[in-house]
Amino acid sequence: MNETDKPASLNFIEEIIEEHLKTGKNDGRVHTRFPPEPNGYLHIGHAKSICLNFGLAKKYNGLCNLRFDDTNPSTEDIEYVDSIKEDIHWLGFDWAGREYYASDYFQQLYDWAEKLIMIGKAYVCDLAAEEISEQRGTPTRPGKESPYRNRPVEENLDLFRRMKAGEFPDGSKVLRAKIDMASPNMHMRDPILYRIIHEHHHRTGDNWCIYPMYDYAHGQSDSIERITHSICTLEFEVHRPLYNWFLDTIDIYHPQQIEFARLNLSYTIMSKRKLLELVEGKYVSGWDDPRLPTLSGLRRRGYTPEAIRFFAEKVGVAKRDNVIDVALLEFSIREDLNKRAPRTMVALNPLKVVITNYPEGKTEEMEAVVNPEDPSSGTRKVPFSRELFIEREDFMEDPPKQFFRLFPGNEVRLKYAYIIKCDKVIRDTGTAEVTEVHCTYDPESRSGMSGSNRKVKSTLHWISARHCIPVEVRLFDRLFIKENPDEVEEGKDFKSNLNPDSLKVITGCADPAMDEVKPPDKFQFERLGYFSVDPDTTAEKPVFNRVVSLKDSYGKVKN
RNA sequence: UGUCCGAUGGUGUAACUGGCAACACGUCUGACUCUGGAUCAGAAGAGUCCAGGUUCGAGUCCUGGUCGGACAACCA
């Protein structure tokens, strides 16, 4: 990179931060946080947020906390906090012990609630949930004030303390802020601060039966942690006045909330609710199904943290709604794996080739490059013999003019081995399916020999029939057939756009060296794509997931 | 009928904050190649939602529209 180049442009959040740095706001501190709710698994959209928050902290020599927004015991679970921590670490970020929970602040939050009551800014409301929602009005029609709105401070305090003491059943009372039922912003119409939930919390156990709402907990948690920039997604933009109101009214340190547009990816869904529906409805094998955009799914699929971080950077940060082309994600992983994945040859759909003029029983060890992109990777040995398997797709008896591969009378090179010529096609007498192709080889054309310098249109991958081992290969395609899975006809939902062919399981013929692979080893199957060893692998049977295919310009002319 | 936000090639993001629209992905050529990959070279593709205005000059500023999104869980 040329240092005289223009400085890389900043995204709008970095501009805000640099402005703050310039004016000395926050004493030059930059402190962010990633605040997941432990009620689901992280997905690629969260990865964008994680990279943003931890990335900003790193860039500006600041800190980024991990904070679980665990204010609703009825949907949250320890299983999720564990998976979330694992995913963030896997992605390559660390919070250095600053692992916090909104529930750590329940007492402080409670004390501030009493303060709000005492200064006349909060009251206990006995209305039923339906009544509250009814009286809230609509975005275009103002709400009505609760009959309990003007309860005396002493009564509010007493009632709130008794709520906390567990004297009242779920749903019977809530604590509300006293703001403005006529506000054009729905969130300012006396929002609920506390509700009664008699449920066991994964961290605080049974200490509490009243729990703070998101709006009441989030900003104050930011404040307690001295967060400088509280970065969240666009849907919280309308909440910002309320975020500010709490901080100003309670009168504590005031972080700045900044909203950005969440990530959307074509041909997939990002909604936690829908992801959960696919998992629970067994449309996929679990949260880590390799077709899912969850981090655990992508990891199992074979995506690397490097590729995801690269992707997150390429995607950018702005405020307008966006749909990123999955092709960019695929580009990201190819870019990474091309440089580091060892090559191997596998026939996914094998077709037998007999080299009729090659001595029976003879075996040669061919020398192959491990990775041509990495000179330090060295070479490997590949056994060659009279009977081989090639890819069925690489042979056509009656090919179109654009087809350069094997066909009767044509010569192709077997990578790292010999040039062969197709002489004869053997068919099954019943089905007429091609079962074998007979070829002859040119003994002078072995790689490295002078006879190998001949120009041949095509080079094929192959595997020795006698030496190869069977491997299970899982071929994934996009989970949805539509770019926007939510685009459905009346009465149907996103599941009607599920791709019935998103998973194909086949048995391929692989290099014998593949018998000692272990997850998460990654390879390039030459000419096919990148494959990652699945945890289902056993000593008897390696299992590979196709991460992504190689770019295929012939596939395009074919269609 | 409200409030808030947004609008730049097919997609995403830029434009030193008023100076003749750039980068990436994708697409298409060509070169090279023992991966129809990679690499290299190049091309097409937007005149910046619309209409006015300010200005020598506007994607950037002003006014008025249009379109899109968010907001009416005791979810986050």
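Scope of the values below: all heavy atoms of this structure, side chains included, with no hydrogens, waters or symmetry mates. Numbers restart at 1 for each chain; the letters A, B, ... are given by sequence-line order, proteins then strands. All figures in this text were calculated on a predicted structure; none of them were measured in a lab.
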### Query
Starting at CG of A:Leu109 and ending at C1' of B:A76, how long is that distance when rounded to a whole Å?
15 Å

### Query
Across the strands shown, which category fits A:Gln524 at heavy-atom distances under 4.0 angstrom: base, sugar-phosphate, nothing?
base

### Query
Given B:G69, is OP1 or OP2 found less than 4.0 Å from the side-chain N or O atoms of A:Lys319?
no

### Message
Just to be sure I understand the rule, does A:Asp321 reach a base, reach only the sugar-phosphate, or reach nothing, if contact means heavy atoms closer than 4.0 Å?
### Response
sugar-phosphate

### Task
Look at all strands and tell whether A:Arg405 reaches a base, only sugar-phosphate, or nothing, counting heavy atoms closer than 4.0 Å.
base

### Message
Heavy atoms only, 4.0 Å cut-off, all strands: where does A:Thr71 land among base, sugar-phosphate and nothing?
### Response
sugar-phosphate

### Query
Contact class for A:Tyr418 vs. all strands (heavy atom < 4.0 Å): base, sugar-phosphate, or nothing?
nothing

### Message
Any base atoms under 4.0 Å from A:Pro372, or only sugar-phosphate, or nothing? Heavy atoms, all strands.
### Response
base

### Query
With respect to the side chain of A:Glu15, which nucleotide from B:A76, B:G6, B:U17 is positioned closest?
B:U17

### Message
By the 4.0 Å heavy-atom rule, please label A:Leu175 as base, sugar-phosphate, or nothing.
### Response
nothing

### Donor-acceptor pair under 3.5 Å, A:Arg343 side chain vs B:U35 base
yes

### Query
Where do A:Ser266 and A:Val326 come nearest, in terms of heavy atoms and distance?
OG-N, 3.0 Å

### Query
Is any side-chain N or O of A:Arg413 under 3.5 Å from a base N or O of B:U33, one able to act as donor and the other as acceptor?
no

### Query
Checking A:Lys522 against A:Phe531: charged group under 6.0 Å from the ring centre and within 45 degrees of the axis?
no

### Task
Establish, with yes or no, whether the OP1 or OP2 oxygen of B:C25 is under 4.0 angstrom from a side-chain nitrogen or oxygen of A:Arg334.
no

### Query
Any idea if B:G47 is syn or anti, going by the 90°-from-0 cut?
syn

### Atom-pair distance (CZ on A:Phe407; C1' on B:G36), nearest Å
14 Å

### Message
Under 4.0 Å, heavy atoms only, any strand: does A:Val317 hit a base, just the sugar-phosphate, or nothing?
### Response
sugar-phosphate

### Task
Give the rounded distance in Å between these two atoms: CG of A:Leu10 and C1' of B:A15.
13 Å

### Message
Using a heavy-atom cut-off of 4.0 Å across all strands, would you classify A:His218 as base, sugar-phosphate, or nothing?
### Response
nothing

### Query
Which part of the nucleic acid, if any, lies within contact of A:Ala129, taking any heavy atom under 4.0 Å across all strands shown: a base, the sugar-phosphate backbone alone, or nothing?
base

### Task
Can you check whether any acceptor in the base of B:G6 is under 3.5 Å from a donor in the side chain of A:Glu237, or vice versa?
no

### Message
Just N and O in the side chain of A:Arg195: are any of them under 4.0 Å from OP1 or OP2 of B:A76?
### Response
yes

### Message
Tell me whether the NZ or CZ atom of A:Arg67 lies within the 45° cone about the ring axis of A:Tyr100 and under 6.0 Å from its centre.
### Response
no

### Query
With a 4.0 Å cut-off on heavy atoms, is A:Gly448 in touch with a base, just the backbone sugar-phosphate, or nothing at all?
base

